[in-house]
Amino acid sequence: MTSEADPLTLVLVGPMAAGKTSVGRRVARRLRVPFIDTDKRIVAQHGPIAEIFAEQGEPRFRELERAAVATALADGGVVSLGGGAVTDSGTRELLRQHPVVFLTVSAEAVADRIRGGNRPLLKGEDPLERWTRILEERRGWYEEVAAVTFDTSRRPMQRIADEIVAWRREQG
Ligand code: S3P
């Protein structure tokens, strides 16, 4: 499971608004490695995610995402993926040789976090119902790729980050 090329690489997966970016940033700081957010890289290279979905469709977004994940893993560090990255079998394959952490969050805790956002898959009526349905569709994939799970619903992001750092160091 551990990457031989970069022993401190760590990947964060989980549903939208689970805290992948906030936790990932803190974990990277503690481990003294770079932090990479693959969504940010896609935006920098190809423009806003909502536009990619609207103009080119989700399958094209998943292709761009797979390429961004491959590059990020090769660069090394703490890598935070978009919530739907695990839906792509090529991306799941890329994750096989890396320590992957699944961040979970309850629907109650996520309600405030998704309000007023610009996530294309949550557009329309009842974003929380959509969020819940999407999570259930993907849960099996998160569990398949991840070695460990942390819940971000109640505790401060820094505490969760510290626990992930401790877990990562135990892995050697
Ligand atoms: C998506 C999650 C988003 C982003 C895109 C699609 C998804 O990232 O990649 O809007 O399919 O769950 P976050 O998980 O960071 O919101």
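We count ligands from 1, going down the list as the structure has it; atoms in each ligand are counted the same way.
- Remark: distances from the non-hydrogen atoms of E58 to ligand 1 are all 4.0 Å or more.
- Among P48, G83, A85, the residue whose heavy atom sits closest to atom 2 (C) of ligand 1 is G83.
- A 4.5 Å side-chain heavy-atom check between T149 and Y142 finds every atom pair outside the cut-off.
- Heavy atoms of T87 found under 4.0 angstrom from ligand 1: none, in either backbone or side chain.
- Counting atoms of ligand 1 from 1 in the listed order, those under 4.0 Å from a heavy atom of G82 are 8 (O), 9 (O), 14 (O).
- Shortest non-hydrogen contact noted between S153 and S106 is OG-N, 2.8 Å.
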Inset, instruction - Take L10 and W167, measure what side chain to side chain contact (heavy atoms under 4.5 Å, CB included) needs, and give me the verdict at the end. - result: CA-CA 11 Å; L10 174 85; W167 173 80; 3.7 Å; yes
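- Per-residue contacts place R119 under 4.0 angstrom from the following atoms of ligand 1 (heavy atoms of the residue considered): 16 (O).
- If you check each of T21, I114, I49 against atom 5 (C) of ligand 1, the one with the closest non-hydrogen atom is I49.
- Nearest-residue assignment for atom 1 (C) of ligand 1 (options P120, G84, P15; heavy-atom criterion): G84.
- You'll find the side chain of F35 stays beyond 4.5 Å of the side chain of V27, heavy atoms only.
- Within the model, atoms CZ of R113 and OG1 of T152 stand 4.0 Å from one another, a figure rounded to the nearest 0.5 Å.
- Residue-ligand proximity, R138 to ligand 1, at heavy-atom distances under 4.0 Å covers atoms 7 (C), 11 (O), 12 (O).
- The ligand atoms of ligand 1 that sit less than 4.0 angstrom from a heavy atom of D39 are 3 (C), 4 (C), 8 (O), 9 (O), 13 (P), 15 (O).
- Within ligand 1, counting atoms from 1 as listed, the ones closer than 4.0 Å to a heavy atom of F61 are 9 (O).
- Going from atom NE2 of H46 over to atom CG of L64 covers 4.5 Å, rounded to the nearest 0.5 Å.
- Of the options V100, V145, V69, a side chain to side chain contact (heavy atoms under 4.5 Å, CB included) to L81 is made by V69 and by none of the others.
- Taking every non-hydrogen atom of L121 and a distance limit under 4.0 Å, the qualifying atoms of ligand 1 come out as 7 (C), 11 (O).
- Residue contacts with ligand 1: R62 is included, with a non-hydrogen atom under 4.0 Å away.
- Inter-residue side-chain proximity for R154 and R159 is flagged as unmet; no heavy-atom pair is nearer than 4.5 Å.
- In terms of modelled atom types and a separation under 3.5 Å, the side chain of T38 and the main chain of S80 share a donor-acceptor contact.
- The shortest N or O to N or O distance between F53 and ligand 1 is not under 3.5 Å.
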